[in-house]
Amino acid sequence: MTELASLARLDGMAQAELCARGEVSAAELFDACLARIDALNPLLRPVVTVARERPRPVGSGPFSGVPFLVKDSTPWPGLRWSMGSRLFAANVTQQQTPYGRRLEESGLVCVGKSAMSEFGLLASTETLLEGVTHNPWDLACSATGSSGGSAVAVAAGLVPLAHANDGGGSLRIPASACGLFGFKPSRGRTVPASFASSDFGDMTSDHCISRSVRDSALFLSLTEDRSSDAPVGFVRDPIARKLRIAAWTRTAMGEEPEPKVRRAYDEAVALLTELGHGVEPISPPLFDGPELGDAFFLVSGAAVADVIERIDQARDEPVQQDELEPFTWALVETFLARGPDALPRARAAFARAVRAYGEATRGYDVVLTPTIATEPWRIGHLSPIFGREELLRRTGRTLGYTPIQNIAGCPGMSVPLHFPEDGQPIGTHFAAAPGADALLLGLAYQLEQARPWKDRWAPYSIPVLF
């Protein structure tokens, strides 16, 4: 095994431990990471900006010396911040967020920015600015999104973990498609990762995509808002009690998942039962799926409309048609056409959905569903050049489980429990009540022990190819 591959097989905590013992230096970890990026980024394209200059000596935090990527949704000093959009293709910022400062203090070393869909609006990482990010399990398939670059970089062994965020499944869905652990914290759990505020931003949680549960748990402990009433801290152990788990498979649009996804779900039910948990099939929450989907994209359109208005005010000419993707423009135009009551109506739809979700899941510790209803789609299936209605229809078919946790502020996670011999990984989704992040992480540790996944590597990854 080459040195390139041996380091790639280690999670973040293991790399930090090597560095702390003096067996490898932070500079060597940095250089090895750049070599891995140079080897596979031309093929997979998960990294859109590479920070090639060795950073200043890192701090003494628990991730000291460990290389990672920042999703291009978030500023990082000295690096381009495009948000996947031609509108910001030349934008370089010196800003650092409170979230970013926590990551610097932890000792993590930023080696670049990861690819995303434009403004995180679509669940496929293929933009008119950056091109296509390929899934390392099947190059013809999407990495999904919007945090597709982060997921691919971890799945391919370029970095042990990568920052990501999740406004409707944008972290959990790529984790599922790439065979990784993807955890979305509760609303307000972490310190702020952006400077702007919007309804869409309020639904978005920042965290990471990782190969191990412990990396994710440590990452959360380092970024959480310590002024909260019940901080999580570093969750280290599997859960010790039996859980009451509500389970369903029907999507918000009233459809059942594909057979392979159903098989993965059934295997998860069997595993949970074997571990002693009580899994109870229940009827899904009774909310209007099409209404909820429309409200979700109205809120998204409002956020982009605000960006356009601020750009128009700051420069001599308005934002041009070719600076945004067709789907993005369509969301903005739809929002503006709905008039001044568009956002109040969307918020009312969210409130109804949250009530229905709470009523359906009351009395249960955890909710179990698939992460996505289909296998990862082919590249082009969610291309931003398609019309709004067609993309909303395609999105509604596949992403019928994850947005409600963002709307309700719940923690959620996709766990890589299913690796079929004839296809791609299929994640299983778990959620809990707002604030119950520690409970989910404890369950994740237990599942990781029961069905280890750390040595499951994609065909186009450093450990397999080198």
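A salt bridge does not link E258 with K260: none of the charged nitrogens is closer than 4.0 Å to a carboxylate oxygen. With respect to the salt-bridge test (charged N to carboxylate O, under 4.0 angstrom), the residues D365 and K242 do not qualify. A salt bridge links K113 with D72: at least one charged nitrogen is closer than 4.0 Å to a carboxylate oxygen. Taking 4.0 Å as the cut-off between side-chain N and carboxylate O, R86 and E323 do not count as a salt-bridged pair. Using a cutoff of 4.0 Å between basic side-chain nitrogens and carboxylate oxygens, D202 and R187 are not scored as salt-bridged. Remark: E130 engages R80 in a salt bridge, criterion side-chain N to carboxylate O under 4.0 Å.
Side-chain N/O atoms of S114 and K71 include no donor and acceptor closer than 3.5 Å. Side-chain atoms of S414 and T371 form a donor-acceptor pair, as typed in the model, at a separation below 3.5 Å. Side-chain atoms of D206 and H163 include a donor-acceptor pair closer than 3.5 Å. If you check the side chains of S117 and T125, you find no donor sitting under 3.5 Å from an acceptor. With hydrogens and angles left out, the side-chain atoms of S210 and D215 include no donor and acceptor closer than 3.5 Å. For the 3.5 Å distance criterion, the side chains of N165 and S73 qualify, holding a donor opposite an acceptor. Between the side chains of S85 and E118, at least one donor N or O lies within less than 3.5 Å of an accepting N or O.
For E267, the side chain to side chain contact (heavy atoms under 4.5 Å, CB included) partners at least two apart in sequence or on another chain are R263, H418. Annotation: side chain to side chain contact (heavy atoms under 4.5 Å, CB included) contacts of P425 (sequence neighbours excluded): W137, F419. Under the rule for a side chain to side chain contact (heavy atoms under 4.5 Å, CB included), the partners of N91 that lie at least two apart in sequence or sit in another chain are W81, F88.
Figure legend: cation-pi geometry between R211 and W457, with NZ or CZ positioned under 6.0 Å from the six-membered ring centre and within 45° of its axis. In this structure, R394 satisfies the cation-pi test against F386, with its NZ or CZ atom closer than 6.0 Å to the six-membered ring centre and inside 45 degrees of the ring normal.
Relative ring orientation between Y99 and F219 is described as tilted, the plane-to-plane angle lying within the 30° to 60° band.
Tested against R102, the residues D225, V191, L222 include a single side-chain contact (heavy atoms from CB on, under 4.5 Å) partner, V191.
A donor-acceptor contact shorter than 3.5 Å is absent between the side chain of S383 and the backbone of G380. No donor-acceptor pair under 3.5 Å is formed between the side chain of E448 and the backbone N or O of S212.
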Working note: R36 + L34, criterion side chain to side chain contact (heavy atoms under 4.5 Å, CB included); need CA distance, chi angles, decisive distance, verdict.
CA-CA 5 Å; R36 296 194 298 268; L34 290 186; over 6 Å; no
Quick one, Q446 with H277, criterion side-chain hydrogen bond (donor to acceptor under 3.5 Å, both in side chains). Give me CA distance, side-chain angles, the key distance, then yes/no.
CA-CA 11 Å; Q446 186 184 51; H277 301 298; 2.7 Å; yes
Before you tell me yes or no, could you show the steps for F327 and I385 under side chain to side chain contact (heavy atoms under 4.5 Å, CB included), namely the whole-Å CA-CA distance, both residues' side-chain angles and the distance that decides it to 0.1 Å?
CA-CA 6 Å; F327 178 67; I385 66 171; over 6 Å; no
Go through R172 and H429 one step at a time and tell me if the side chain to side chain contact (heavy atoms under 4.5 Å, CB included) criterion holds.
CA-CA 8 Å; R172 291 162 288 162; H429 192 265; 2.9 Å; yes
Given T190 and T223, is the side-chain hydrogen bond (donor to acceptor under 3.5 Å, both in side chains) satisfied, shown in steps?
CA-CA 5 Å; T190 64; T223 57; 5.4 Å; no
Starting from the C-alpha separation in whole Å, work towards a yes-or-no answer on salt bridge (Lys or Arg N to Asp or Glu O under 4.0 Å) for K454 and D11.
CA-CA 9 Å; K454 72 180 182 69; D11 71 356; over 6 Å; no
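Taken from CG in L79 to OG1 in T93, the straight-line distance is 9.5 Å, to the nearest 0.5 Å. Expressed to the nearest 0.5 Å, how far OG of S60 lies from CD of E105 amounts to 10.5 Å.
The shortest non-hydrogen separation linking T249 to P257 is O-CD, 3.4 Å.
Put simply, the side chain of T428 reaches to within 4.5 Å of the side chain of F430, judged on heavy atoms.
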